[in-house]
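First the structure, then my questions, so here it is.
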Amino acid sequence: MLLVAVFVSRTGEVAPGSRTDAGAATGASVGDTPPVLTVSAVSGEALRIPAAGKPTALFFSAAWCQTCVPEAQAWDRIERSFGDRLSVVVIDADPNDTPETLAGFVDLIGEPRYPFVIDSDATVARTYELASLDTTVIIDATGTIVFRDGVPTSEATLRTALEKVGLS
């Protein structure tokens, strides 16, 4: 049995000594095709990750992550401009967060239309080999990862990355 733990500090950094490479783990790098996951959004809606037949953007954050707010706001603007041609999902990677603590983060963003998932059992984090908050993964309509970063990212960079999936 392989056990993988990711320890993320309140600054979004990976804790010293933690391993996120997991040796045989797959589906985390550009060019990989991660497995399809079904998760529950905070709203109670069942979500398929990646979405079937359209590009999907995953943004990993936490309710307390202040550096995540600008990118979450950028994803809101991007999602509004592409509408149903793009699936955006924000994954709260802190298993201690609750819908109540997440509500404060959502308020800072504005009124985003995209769903939020609290990854309390780290299924999504393990699948995508999460190493830090502010991680973005963009998956094309065929299910292949075409972009990945692990830092706060500007809206312009995100829009350029979306060109790889045919959105401009």
Side-chain angles (χ1 to χ4, degrees), residues 6 8-15 20-21 26-34 36-37 39 41-43 45 47-94 97 101-119 124-168:
V6 177
V8 182
S9 72
R10 293 275 178 188
T11 63
E13 302 288 320
V14 175
T20 59
D21 59 350
T26 60
S29 301
V30 170
D32 288 342
T33 302
V36 173
L37 302 174
V39 297
V42 172
S43 67
E45 171 187 14
L47 300 175
R48 182 184 188 274
I49 298 175
K54 65 180 168 182
T56 301
L58 303 177
F59 178 58
F60 291 88
S61 66
W64 45 263
C65 180
Q66 294 301 302
T67 64
C68 298
V69 172
E71 188 167 344
Q73 291 169 328
W75 278 118
D76 181 40
R77 291 186 296 273
I78 290 167
E79 189 274 340
R80 289 174 188 274
S81 69
F82 290 117
D84 65 359
R85 296 184 296 151
L86 173 67
S87 174
V88 175
V89 181
V90 173
I91 309 294
D92 185 316
D94 186 335
D97 282 346
T101 59
L102 185 58
F105 182 77
V106 173
D107 286 345
L108 290 173
I109 298 166
E111 294 186 26
R113 298 184 311 182
Y114 52 70
F116 289 81
V117 171
I118 297 176
D119 192 23
V124 184
R126 279 193 312 273
T127 299
Y128 289 90
E129 299 177 16
L130 182 65
S132 66
L133 297 179
D134 273 315
T135 291
T136 295
V137 178
I138 298 175
I139 307 159
D140 70 13
T142 69
T144 302
I145 296 174
V146 298
F147 176 86
R148 181 188 177 115
D149 72 6
V151 296
T153 307
S154 71
E155 184 172 341
T157 299
L158 297 173
R159 287 185 180 274
T160 297
L162 288 170
E163 291 175 5
K164 296 176 182 182
V165 298
L167 296 175
S168 56

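Quick caveat: nothing in here was measured; it's all calculated off a predicted structure.
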TODO: Taking the side chain as every heavy atom from C-beta outward, state whether I139 and L58 have any pair of such atoms under 4.5 Å apart.
DONE: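 They are in side-chain contact.
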Task: Inter-residue atom distance I109.CD1 - D76.CG, 0.5 Å rounding - done: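 That separation rounds to 7.5 Å.
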Open item on the list: Among residues at least two apart in sequence or on other chains, which ones pass side-chain contact (heavy atoms from CB on, under 4.5 Å) with R77?
Closed with: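 Q73, A74, E155.
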TODO: Check D97 against A63 and note the closest heavy-atom contact, atom names and distance.
DONE: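 Shortest heavy-atom contact: OD2-N, 2.8 Å.
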Open item on the list: The criterion is salt bridge (charged side-chain N to carboxylate O under 4.0 Å, His left out); which residues satisfy it with R48, sequence neighbours excluded?
Closed with: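 So R48 forms no salt bridge (charged side-chain N to carboxylate O under 4.0 Å, His left out) with any residue.
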Task: Sub-4.5 Å side-chain heavy-atom contact between W64 and L133 - done: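 SC-SC contact between W64 and L133 confirmed.
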TODO: Check whether any side-chain heavy atom of F60 sits under 4.5 Å from a side-chain heavy atom of V124, and report yes or no.
DONE: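 Yes; the side chains approach each other to less than 4.5 Å.
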Open item on the list: Quick check: closest heavy atoms across T33 and G143, and the distance to 0.1 Å?
Closed with: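 Shortest heavy-atom separation between T33 and G143 comes out as CG2-O, 3.3 Å.
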Task: K54 side chain to S87 backbone, donor-acceptor under 3.5 Å - done: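 It does not hold such a pair.
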Open item on the list: For T157, is there any backbone N or O sitting under 3.5 Å from a side-chain donor or acceptor partner on S154?
Closed with: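 Confirmed, S154 side chain pairs with T157 backbone.
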Task: Least distance between heavy atoms, T56 atom then A51 atom - done: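 Closest approach of T56 to A51, heavy atoms only: OG1-N, 2.8 Å.
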Open item on the list: How long is the straight-line distance from CG of L47 back to OH of Y114, given to the nearest 0.5 Å?
Closed with: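 Output value for this atom pair is 13.5 Å.
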Open item on the list: Please check: side-chain N/O of D119 versus main-chain N/O of A93, any donor-acceptor pairing under 3.5 Å?
Closed with: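 Here the side-chain-to-backbone pair does not exist.
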Open item on the list: When you measure from the side chain of S132 to the backbone of G150, do you find a donor-acceptor pair of N or O atoms at a distance under 3.5 Å?
Closed with: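 Yes, S132 side chain to G150 backbone: donor-acceptor pair under 3.5 Å.
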Quick one: side chains of residues 160-168, donor-acceptor pairs under 3.5 Å with protein atoms, not counting sequence neighbours, listed by atom name and distance.
residue	atom	partner	partner atom	Å
T160	OG1	A156	O	3.0

Open item on the list: For a 4.5 angstrom cut-off between non-hydrogen side-chain atoms, does C68 reach F59?
Closed with: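 Yes, their side chains come closer than 4.5 Å.
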TODO: Indicate yes or no: at least one non-hydrogen side-chain atom of L86 is less than 4.5 angstrom from one of W75.
DONE: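 They are in side-chain contact.
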- [ ] Would you check if V106 and P112 make a side-chain contact, meaning some heavy-atom pair closer than 4.5 Å?
- [x]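 When only atoms from C-beta onward are counted, P112 and V106 do touch, with a gap below 4.5 Å.
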Open item on the list: Check whether E71 reaches the backbone of T153 with its side chain - one donor and one acceptor, N or O, closer than 3.5 Å.
Closed with: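 Checked: pair present.
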Task: I91 vs V117 side-chain heavy atoms within contact, under 4.5 Å - done: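 Side chain of I91 against side chain of V117, heavy atoms only: contact under 4.5 Å found.
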Open item on the list: How close do I118 and D94 get, counting heavy atoms only, and between which atoms?
Closed with: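 Scanning both residues completely, I find the closest heavy atoms to be CG2-O, 4.1 Å.
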TODO: Could you tell me which non-hydrogen atom of A28 sits nearest to which non-hydrogen atom of R148, and how far apart they are?
DONE: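 Taking A28 first and R148 second, the nearest heavy atoms are O-NH1, 2.8 Å.
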Task: Ring geometry between F105 and F116 (parallel below 30°, tilted from 30 to 60°, perpendicular above 60°) - done: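 Geometry flag for F105 against F116: perpendicular rings.
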- [ ] Could you tell me the separation between the CD1 atom of I138 and the OG1 atom of T144, rounded to the nearest 0.5 Å?
- [x]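 It comes to 13.5 Å.
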Task: Shortest non-hydrogen separation from P50 to Y128 and the atoms involved - done: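 Here P50 and Y128 meet closest at CD-OH, 4.2 Å.
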